[in-house]
Protein chains: 2
Amino acid sequence: MSRASEQAYSKIRAHLLSGAVRPNEQLTEDQLAQITGVSRTPVREAVRRLEDELLLVRSDTKRLFVADWSRDDIEEMFTLRQMLECHAAERAAERLTRDQIGQLEALNRDLKAAIEMTPPDVTSFLEANRAFHEVIIEAADSPRLGQLLAKLIEAPVVLRTARTYSQGDLRQSARDHDELVAAFAARDPEWARAVMGSHLRRAFHTFVRSVGPAANDQGPAQT
Amino acid sequence: MSRASEQAYSKIRAHLLSGAVRPNEQLTEDQLAQITGVSRTPVREAVRRLEDELLLVRSDTKRLFVADWSRDDIEEMFTLRQMLECHAAERAAERLTRDQIGQLEALNRDLKAAIEMTPPDVTSFLEANRAFHEVIIEAADSPRLGQLLAKLIEAPVVLRTARTYSQGDLRQSARDHDELVAAFAARDPEWARAVMGSHLRRAFHTFVRSVGPAANDQGPAQT
DNA sequence: CGAGAGGGATTTGTATACAATAACGACCGG
DNA sequence: CCGGTCGTTATTGTATACAAATCCCTCTCG
């Protein structure tokens with residue numbers, strides 16, 4: 001999108017991820033317009049995108065709130081992502097160019113470098129990880145699949161807690177990526193799917209372990 | 001959404017599905033505002049939704065066009081829908097109330113009645129079919145899953161061609177629904193998943209047969 | 001003391017005017 | 001005759017004013 005609405009989007013998103021607002025807190029379009037420095041029109045456009053990504057929700061009477069993700073919500077998100085991204089890996093295995101496989105290798109080198117910093121550079125890790133998965137989705141060559149996954153991957157909760165992962169967790173992630181590259185290089189869709197599946201499922205359990213297995217189960221409905 | 005933007009959405013959608021416009025034809029927000037009788041503001045809101053549903057697409061310079069669905073696009077849509085809706089059926093099998101199962105039975109009675117009209121009442125069939133699947137998705141109790149599926153099911157191409165299905169095709173569909181209800185009543189997630197899978201995959205092949213197996217393969221890129 | 005109605009304040013929805021950007025075509029130079 | 005550049009027109013993007021809906025507090029009545 002164009003300048004103002006794009007800017008509104010990223011500023012609001014950053015604002016939400018920064019933790020400056022709490023789940024279930026009400027926001028108004030005017031507030032957001034002030035924060036972002038643009039008028040309500042592009043803010044409304046940005047808000048729509050953020051609603052789509054489930055970072056914001058609207059009450060039944062159109063009032064705007066910060067979304068609250070329960071543990072169950074997050075599990076479902078991981079499950080759906082796994083379903084779709086396994087499919088993407090399968091398709092990608094049949095379609096990746098040598099050049100793209102090279103990109104994946106390079107990205108995974110960056111990712112490993114980020115892990116081996118002391119302390120691990122989690123921001124770089126997340127960026128390399130995001131780019132890695134993006135190449136695969138791109139190669140799957142299915143616009144609709146990409147669109148669906150885009151929503152799931154925007155999920156913020158994961159990003160917020162990634163900083164608590166151990167170096168061992170991160171290294172396992174890098175090993176998964178290595179094996180994915182191997183599966184792609186071998187042009188073996190089944191292998192790629194299987195590795196992607198375990199990769200994401202493990203990520204879910206790592207997440208659960210880091211936030212506590214039964215947290216957040218008694219939260220009130222948010223709408 | 002509120003009155004004007006909701007009205008704009010359904011009018012534009014109807015306009016697109018009516019076939020009054022051709023794929024790759026350009027539209028302007030002003031035109032649509034005139035057609036719908038509201039200002040550009042709600043039209044833009046409606047257009048965003050339709051873009052999301054891939055009924056409309058924007059060029060790289062933000063100009064608006066009627067989307068063109070290739071056969072491959074449609075196959076991918078069916079594949080994704082199958083993946084997600086099988087999952088929904090599985091979850092629904094564990095969660096449907098007796099009341100909801102009763103609803104499914106009632107809807108399938110309506111559906112069969114529509115089929116046995118002479119000629120078959122395709123509009124009622126489609127409506128009962130939509131409602132049937134909606135109950136299942138609702139019962140799956142996963143907001144994100146429902147949201148993803150909503151997009152896929154809006155796909156218009158299927159609706160446009162449904163009128164060409166034979167009575168035999170429609171009857172098979174009703175039988176699938178009967179078996180789904182049986183699987184739900186037995187609380188057997190695996191059974192439900194399997195039936196849903198074959199139901200949707202058959203629907204795809206019925207679709208392919210009705211439009212011709214290799215149609216629409218040489219269309220130029222639209223963006 | 002509680003329930004519900006009324007009304008001002010808050011918030012979202014819509015229309016409109018204007019600004020920014022992209023497409024189109026005419027004109028010019030080679 | 002071709003290619004490019006500039007100005008005009010068409011189209012989308014943004015700001016703002018106003019309308020509609022909703023919330024919340026208060027006040028009254030039972």
Side-chain angles (χ1 to χ4, degrees), chain A residues 1-16 20-68 147 220-223, chain B residues 1-16 20-68 147 220-223:
Chain A
M1 290 294 168
S2 53
R3 210 179 94 260
S5 84
E6 193 62 32
Q7 186 177 333
Y9 169 77
S10 46
K11 279 199 183 177
I12 296 171
R13 186 168 198 280
H15 189 238
L16 295 175
V21 291
R22 287 181 310 183
N24 295 329
E25 183 175 336
Q26 182 172 2
L27 299 176
T28 71
E29 295 174 355
D30 259 323
Q31 274 174 44
L32 297 175
Q34 281 198 314
I35 291 172
T36 58
V38 300
S39 83
R40 269 181 58 216
T41 308
V43 164
R44 281 171 66 86
E45 188 116 355
V47 163
R48 262 192 70 89
R49 282 176 64 185
L50 292 162
E51 281 181 75
D52 237 37
E53 294 169 5
L54 296 174
L55 280 161
L56 297 174
V57 294
R58 272 184 196 277
S59 73
D60 50 354
T61 60
K62 317 293 183 186
R63 271 159 171 72
L64 200 60
F65 297 88
V66 179
D68 183 22
Q147 202 180 333
Q222 73 195 355
T223 296
Chain B
M1 291 295 164
S2 54
R3 210 180 94 260
S5 84
E6 194 62 31
Q7 186 176 332
Y9 170 77
S10 48
K11 280 200 183 176
I12 295 171
R13 185 167 200 280
H15 190 240
L16 295 174
V21 292
R22 288 178 309 180
N24 295 330
E25 185 175 333
Q26 182 174 1
L27 299 174
T28 71
E29 295 173 356
D30 260 322
Q31 275 176 46
L32 297 174
Q34 281 198 313
I35 291 173
T36 58
V38 300
S39 81
R40 269 181 57 215
T41 308
V43 164
R44 280 171 66 87
E45 188 117 353
V47 163
R48 280 185 58 99
R49 282 177 65 185
L50 293 161
E51 282 181 74
D52 237 34
E53 294 170 6
L54 295 175
L55 279 161
L56 297 174
V57 294
R58 276 187 193 275
S59 72
D60 50 354
T61 60
K62 318 295 183 186
R63 274 163 168 73
L64 200 61
F65 297 87
V66 179
D68 183 22
Q147 201 180 337
Q222 73 195 358
T223 297

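Side chains are part of it too, since the values below use all heavy atoms of this structure and drop only hydrogens, waters and symmetry mates. Within every chain, numbering begins at 1; the chains are lettered A, B, ... in the order of the sequence lines, protein sequences first and strands thereafter.
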Has A:E25 got a side-chain atom pairing as donor or acceptor with A:R22's backbone, closer than 3.5 angstrom? yes
Rounded interatomic separation in angstrom, taking [atom1] from [X] and [atom2] from [N]:
| X | N | atom1 | atom2 | answer |
| --- | --- | --- | --- | --- |
| A:Q7 | D:dA15 | CD | P | 9 Å |
| B:E51 | D:dT12 | CD | C1' | 12 Å |
| B:F65 | D:dT12 | CZ | P | 9 Å |
| A:R40 | D:dG13 | CZ | P | 19 Å |
| A:D30 | C:dG13 | CG | P | 13 Å |
| B:L32 | D:dT11 | CG | P | 12 Å |
| A:R44 | D:dT14 | CZ | C1' | 14 Å |
| B:Q31 | D:dT11 | CD | P | 7 Å |

One would report the end-axis bend of the helix from C:dC1-D:dG30 to C:dG30-D:dC1, five pairs per end and rounded to 10 degrees, as 10°
Atom pairs, N/O to N/O, protein against nucleotides 21-26 of chain D, distance under 3.5 Å?
{"unit_1": "D:dC23", "atom_1": "OP1", "unit_2": "A:T61", "atom_2": "OG1", "d": "2.3"}

For [X], enumerate each residue passing the side-chain contact (heavy atoms from CB on, under 4.5 Å) test, keeping only those at least two apart in sequence or located in another chain.
| X | result |
| --- | --- |
| B:T41 | B:S39 |
| A:Q147 | B:D52, B:L54, B:K151 |
| A:Q34 | none |

Report the nucleotide, chosen from C:dT12, D:dA15, D:dG13, that has the shortest atom-to-atom distance to any side-chain atom of A:R58. C:dT12
Proximal nucleotide (of D:dA15, C:dT12, D:dG13) relative to the A:T28 side chain: C:dT12
Residue mapping more 5' on DNA chain D - nearest nucleotide basis, B:E29 or A:V38: B:E29
Should B:S39 be listed as having a side-chain N or O under 4.0 Å from OP1 or OP2 of C:dA15? yes
Using a 4.0 Å heavy-atom cut-off across all strands, classify B:L27 as base, sugar-phosphate, or nothing. sugar-phosphate
Could you state the interatomic distance from [atom1] ([X]) to [atom2] ([Y]), rounded to the nearest 0.5 Å?
| X | Y | atom1 | atom2 | value |
| --- | --- | --- | --- | --- |
| B:L56 | B:L64 | CG | CG | 5.0 Å |
| B:H15 | B:L50 | NE2 | CG | 12.5 Å |
| A:R58 | A:E51 | CZ | CD | 4.5 Å |
| B:L55 | B:L16 | CG | CG | 6.0 Å |

Listed partners of A:D30 passing side chain to side chain donor-acceptor pair (under 3.5 Å), at least two apart: none
